[in-house]
*Asks:* 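Before I ask anything, let me first share the structure, which is written out below as structure tokens.
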Protein chains: 2
Amino acid sequence: MLCNTVKVSPRRSNPQTRPALVDIAARLLADEGPQALSARRIATEAGSSTMAVYTNFGGMSGLVREMVYEGFARLQDYFSHVSRTADPVADIALLGRAYRHNALTNPHLYAVMFGGASLAGFSLTAEDRQYGRYTLSTVVECATRCITAERFRAGDAELVAHQLWTAIHGLVTLELGEYLIEPFDADRVFEAQLTGLMIGAGDTLEEATRSVASSRRRLKKVVEGVRPDPVDDRPAGDRRRRPRQAAPAG
Amino acid sequence: MLCNTVKVSPRRSNPQTRPALVDIAARLLADEGPQALSARRIATEAGSSTMAVYTNFGGMSGLVREMVYEGFARLQDYFSHVSRTADPVADIALLGRAYRHNALTNPHLYAVMFGGASLAGFSLTAEDRQYGRYTLSTVVECATRCITAERFRAGDAELVAHQLWTAIHGLVTLELGEYLIEPFDADRVFEAQLTGLMIGAGDTLEEATRSVASSRRRLKKVVEGVRPDPVDDRPAGDRRRRPRQAAPAG
DNA sequence: GCAGTTAGCATAACGGCGTTATGTTAAAAA
DNA sequence: TTTTTAACATAACGCCGTTATGCTAACTGC
């Protein structure tokens, strides 16, 4: 074939191949969706054979797993750009907005992260899920501050964080599935959901409304801080990403 | 092959083939998950060739669509067994519980209904989604009663219904994905979510707590009323299901 | 009753998929 | 320098959804 046009092809630990596969997979996923993620196509576009996918990731599952980790890393990026202010409720609302923005910016990636079923029989391991849950710790900490500030009822901060997570995850999922339309579009439901959660957690209607509005204004800053990211414009060098080596067919 | 052991094989409009395919597909989906849904396997287990899938459903997408309709029909079944009482908040909470119970009883079916991405490149049409949204009307009506009874703030009943939907959908999705564990398990988050939603909608903490507890007691009756259903134990006769004919390759 | 039409389905093939067995080769180890 | 090792190419296996073709039984009009 035309696998390597020039036959230099370094045989041991080519440092180009692995990140190239990851970046191409991420681009295919972002541009054409999950069905474009095939070992054959990725390898072809990377100028190598399908075996490269197996030596580097142990198979398609390993590459998909890499995408999932990338997705959580991007989410963590957004969360880390949410600053702590004197209004913890506005902060936690902003975390919710950041979560939604990340999902809408990387819709296919988000679908792979939580789609669970199908996709070449891929399924996450317990460790993968723990890695995803860890992302919640930022929200838990913020919920604790809301309770300390007596904006939320005394009780479980983790419970509040889980409520926020499940609620916004559901909204984003149905939004990406185009189930929310016209007068009851995702934006209206989202703000209502957010406000309702704050009230349900113990905040007053007035305070909640003000904090949610405040978070709306602050979102722009967060989004700008995270860029550039959308599809991975960087040259192809490696960056923050799990070391995680592939099992070499043992 | 052994396609039809006895070679009687009526050639025109065999009334057995179509429901047999649907029932086998439903069973495979329930027993082994989405990856077991293949035209070849379904046809083999039905004793026919893969062409039967195409003449009856126009391809795998058509059969998957049939599964989606079946899923919404089952959900509607649960909703129709939720009776109207003097406590509309308990009623709407019970709708939420019924929604969750249906999803947990038919997890793979629920995944196909809202998994959206992948699964042999299948995707729902706008009409399919409208069919799914229609299921919400039961909840909207109940939310209206909550507002009329002055348990919820005056405002949009559809908005409240969408909040409930997105919140519980998100919880169920993460629950099925095994993201909710141990001390913050799905049951705790669900009840907190439910109570929080009622308070957020305008109900008082005491009333909401009482209504949510009431709905917990009433769930059993609903579940018993819906059976039998889990995997489709019936002989194979047709039943409530969309007429929807397959495009004959025109 | 009969001929022409039609539609359900069997057979077989096509291209694409994930995966694996095997060989080749360049870098690391001795 | 020699041996070992691991990254990758090549080619094949079995699966998938889909399609082209042909057969035949049921409908259609006479």
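What you see below is based on every heavy atom in this structure, not just the backbone, and it leaves out hydrogens, waters and symmetry mates. Residue numbers begin at 1 in each chain, while the letters A, B, ... track the order of the sequences.
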*Asks:* With a 4.0 Å cutoff (strictly under), does any side-chain N or O of A/Tyr54 reach OP1 or OP2 of C/dT20?
*Replies:*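 It does not, given that no N or O in the side chain of A/Tyr54 lies less than 4.0 Å from OP1 or OP2 of C/dT20.
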*Asks:* Starting from C1' on C/dG18, measure out to CD on B/Gln35 and report it in whole angstrom.
*Replies:*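 Taking atom C1' of C/dG18 as the reference, CD of B/Gln35 is at 12 Å.
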*Asks:* Take atom CE of A/Met60 and atom P of C/dT19, then tell me their distance rounded to the nearest Å.
*Replies:* 8 Å
*Asks:* Name the pairs: protein N/O against N/O of nucleotides 13-16 of chain C, kept only if under 3.5 Å.
*Replies:*
unit_1, atom_1, unit_2, atom_2, d
C/dA13, N6, B/Arg40, NH2, 3.3

*Asks:* Side chains of A/Phe114 and B/Thr173: closer than 4.5 Å at any heavy-atom pair?
*Replies:*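 Answer no - side chains too far apart.
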*Asks:* Measure from CZ on B/Phe57 to C1' on C/dC9 and round the result to the nearest Å.
*Replies:*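 Whole-Å distance recorded here is 14 Å.
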*Asks:* Provide, to the nearest angstrom, the distance between the CZ atom belonging to A/Arg18 and the P atom belonging to D/dC8.
*Replies:* 11 Å
*Asks:* Taking only the side-chain nitrogens and oxygens of B/Thr55, find out if one of them lies under 4.0 Å from OP1 or OP2 of C/dC9.
*Replies:* yes
*Asks:* Would you say A/Leu180 and B/Arg129 make side-chain contact, with heavy atoms under 4.5 Å?
*Replies:*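 No - every pair of side-chain heavy atoms lies 4.5 Å or more apart.
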*Asks:* Is there a salt bridge (Lys or Arg N to Asp or Glu O under 4.0 Å) between B/Arg97 and B/Glu191 once you walk through the steps?
*Replies:* CA-CA 9 Å; B/Arg97 288 190 187 277; B/Glu191 293 234 338; 2.6 Å; yes
*Asks:* How about B/Tyr78 and B/Val222: do any of their side-chain heavy atoms sit closer than 4.5 Å?
*Replies:*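 Touching, per the 4.5 Å side-chain cut-off.
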*Asks:* Would one find a side-chain N or O of A/Asn56 under 4.0 angstrom from OP1 or OP2 of D/dC8?
*Replies:* yes
*Asks:* Within 45 degrees of the ring normal and closer than 6.0 Å to the centroid, is that where the cationic atom of A/Arg65 sits relative to A/Phe57?
*Replies:*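 Cation-pi check for A/Arg65 and A/Phe57: fails.
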*Asks:* Judged by each residue's nearest nucleotide on DNA chain D, which is more toward the 5′ side, B/Arg41 or B/Met51?
*Replies:*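 In this pair, the answer is B/Arg41.
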*Asks:* Rounding to an integer number of Å, can you tell me how far B/Leu21 CG sits from C/dA10 C1'?
*Replies:* 14 Å
*Asks:* For residues A/His81 and A/Glu224, determine if any side-chain heavy atom of one lies less than 4.5 Å from a side-chain heavy atom of the other.
*Replies:* no
